[in-house]
Engineer: 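To start, I am sharing the structure in question, which I have written as structure tokens.
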Amino acid sequence: MRPGDEVVEIDSLERGLLSESRDAGGYAAGSEADDDTILYTASFDEMEDKFIEYQTAQWVMYSLLLVLVWGLGLFMLLYLPVRRYVMRKDIRSRKLYLTPNAIVYKVTKPVPFPCFGMLKREKHVLLPSVQDVIIEQGYLQSLFGVYSLRIENVGVRRPTSDDFKIQGIGNPSAFKKVILNRLSYIRSEVASRQVSTIEDLPSLRIGQPSSPMMSPLKTQRHEPLPNSSDLLLLQKLEEVGNSVKRVQTLIQEQRTQSSEPSC
């Protein structure tokens with residue numbers, strides 16, 4: 001890798017999902033957010049010195065242990081000024097803010113050897129995928145007043161390494177409160193939409209024309225069947241009608257015979 005080259009690390013999947021649901025306009029609270037409305041911006045400035053001291057103490061402890069074990073800790077102690085420079089550039093370039101759809105984290109810092117360029121990282125955590133926000137502080141962190149903010153993702157049997165963790169954030173309680181309030185608003189809005197959809201289902205069914213397979217069967221009106229007395233009466237009427245027809249044919253035959261001239 002040549003000096004000046006930039007190493008870019010972007011979560012393309014989450015960024016692509018966010019691009020479909022971006023809200024234009026709004027108010028800014030510090031840094032630019034790619035035309036997204038910024039609801040809250042976290043700060044790292046007041047924690048810069050404490051964070052550098054915490055990282056230095058942690059690095060020195062690891063170096064001393066490695067000196068006693070393998071002797072590699074001596075090189076780590078020599079690297080300490082460069083390490084402090086990298087961490088200071090790191091915390092000064094951090095940007096953490098909340099948008100209506102996601103938590104956005106951006107950082108630009110030198111690689112472990114600054115002569116080889118810069119490392120850019122951009123992380124988007126979708127709010128619907130957030131399960132909980134946890135504030136942590138270990139023993140060494142408590143000595144320097146440094147906190148860690150860990151964002152748990154929704155999912156079953158997901159390892160802790162998949163969670164999003166940030167160190168050195170100032171006033172993490174306020175940022176956690178803003179995230180939880182936004183999550184409760186989103187979930188209540190989704191629940192209200194589901195309830196309204198369920199309530200609209202009967203009206204949709206009434207308004208839509210029914211299909212031939214689902215249409216109710218048409219009832220046909222049948223005339224009542226005649227009883228036995230009516231059947232006998234009908235038979236008598238038919239017999240009378242037949243006898244009348246026979247009498248008429250006999251009368252016509254007699255008339256024709258009488259009308260013929262005798263020899």
Engineer: Taking atom CZ of Phe44 as the centre, report whether more than 12 heavy atoms of other residues, nucleotides or ligands fall under 6.0 Å from it.
Structural biologist: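 It does: Phe44 CZ has more than 12 such atoms within range.
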
Engineer: When you look at Arg182 and Leu127, which way does the side chain to side chain contact (heavy atoms under 4.5 Å, CB included) test go after all the steps?
Structural biologist: CA-CA 8 Å; Arg182 182 63 185 174; Leu127 284 176; 3.5 Å; yes

Engineer: Taking atom CD of Glu46 and atom CZ of Phe51, what is their separation to the nearest 0.5 Å?
Structural biologist: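 Result: 13.5 Å between the selected atoms.
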
Engineer: How about NZ on Lys89, more than 12 heavy atoms from neighbouring residues, nucleotides or ligands closer than 6.0 Å, or not?
Structural biologist: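 It does not: Lys89 NZ has 12 such atoms or fewer within range.
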
Engineer: Which label fits Phe113 and Phe116: parallel for a plane angle under 30°, tilted from 30 to 60°, or perpendicular past 60°?
Structural biologist: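 Judged by the thresholds at 30° and 60°, the geometry between Phe113 and Phe116 is perpendicular.
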
Engineer: Short question: side chain of Asp90, backbone of Val86 - any donor-acceptor pair under 3.5 Å?
Structural biologist: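 Such a contact is absent between Asp90 side chain and Val86 backbone.
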
Engineer: Among the clusters formed by ILVMFWY side chains lying less than 4.5 Å apart, do Val146 and Leu143 turn up in the same one?
Structural biologist: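 In one cluster: yes.
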
Engineer: Can you name the closest pair of heavy atoms from Arg94 and Val107 and give their distance?
Structural biologist: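 For Arg94 and Val107, the tightest heavy-atom pair comes out as CG-CG2, 3.9 Å.
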
Engineer: Do Glu152 and Arg150 meet the salt-bridge criterion of a basic N to acidic O distance under 4.0 Å?
Structural biologist: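 Looking at Glu152 together with Arg150, the answer is yes, because their closest N to O distance falls below 4.0 Å.
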
Engineer: Step by step, would you call Tyr54 with Gln167 a side chain to side chain contact (heavy atoms under 4.5 Å, CB included)?
Structural biologist: CA-CA 10 Å; Tyr54 163 70; Gln167 290 183 351; 3.8 Å; yes

Engineer: Check this for me, if you would: do Arg88 and Asp49 make a salt bridge, where the nitrogen-to-carboxylate-oxygen distance has to be below 4.0 angstrom?
Structural biologist: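 Counted as a salt bridge, because a side-chain N and a carboxylate O are separated by less than 4.0 Å.
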
Engineer: Determine whether Trp59 and Tyr79 satisfy the following criterion, side chain to side chain contact (heavy atoms under 4.5 Å, CB included), listing intermediate values before the conclusion.
Structural biologist: CA-CA 10 Å; Trp59 188 265; Tyr79 180 75; 3.6 Å; yes

Engineer: Say you draw a straight line from CZ of Phe175 to OH of Tyr40; how long is it, rounded to the nearest 0.5 Å?
Structural biologist: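 Answer rounded to 0.5 Å: 8.0 Å.
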
Engineer: Do the side-chain N and O atoms of Ser148 and Gln137 include a donor-acceptor pair separated by under 3.5 angstrom?
Structural biologist: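 No.
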
Engineer: Check the hydrophobic clustering (I, L, V, M, F, W, Y; side-chain heavy atoms under 4.5 Å; chains of links allowed) and say if Leu80 and Leu72 are grouped together.
Structural biologist: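 In one cluster: yes.
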
Engineer: When rounded to the nearest 0.5 angstrom, what distance separates CZ in Arg92 from CD in Glu48?
Structural biologist: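 Arg92 atom CZ to Glu48 atom CD measures 4.0 Å (nearest 0.5 Å).
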
Engineer: Can you tell me how far the CG atom of Asp163 sits from the CD1 atom of Ile151, to the nearest 0.5 Å?
Structural biologist: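 Between Asp163 CG and Ile151 CD1, I get 9.0 Å after rounding to 0.5 Å.
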
Engineer: For the pair Gln141 (side chain) and Gly138 (backbone), establish whether a donor and an acceptor sit closer than 3.5 Å, ignoring hydrogens and angles.
Structural biologist: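 Yes, because the side chain of Gln141 sits within donor-acceptor range (under 3.5 Å) of the backbone of Gly138.
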
Engineer: Is Phe75 reachable from Met87 through a run of I, L, V, M, F, W or Y residues, each pair having side-chain heavy atoms under 4.5 Å apart?
Structural biologist: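 Shared cluster, no.
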
Engineer: Given side chain to side chain contact (heavy atoms under 4.5 Å, CB included), test Glu136 with Lys165 step by step and report yes or no.
Structural biologist: CA-CA 10 Å; Glu136 299 176 339; Lys165 188 174 182 179; 3.5 Å; yes

Engineer: Shared ILVMFWY cluster between Ile169 and Leu180, side chains joined below 4.5 angstrom?
Structural biologist: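 Yes; Leu180 is reachable from Ile169 via cluster members.
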
Engineer: In the single-linkage hydrophobic clustering (I, L, V, M, F, W, Y; side-chain heavy atoms under 4.5 Å), do Val178 and Ile135 co-cluster?
Structural biologist: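 Cluster IDs for Val178 and Ile135 match.
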
Engineer: If I compare all heavy atoms of Met76 with all of Ser63, which pair ends up nearest, and what's the gap?
Structural biologist: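 Heavy atoms of Met76 and Ser63 come nearest at CB-OG, 3.1 Å.
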
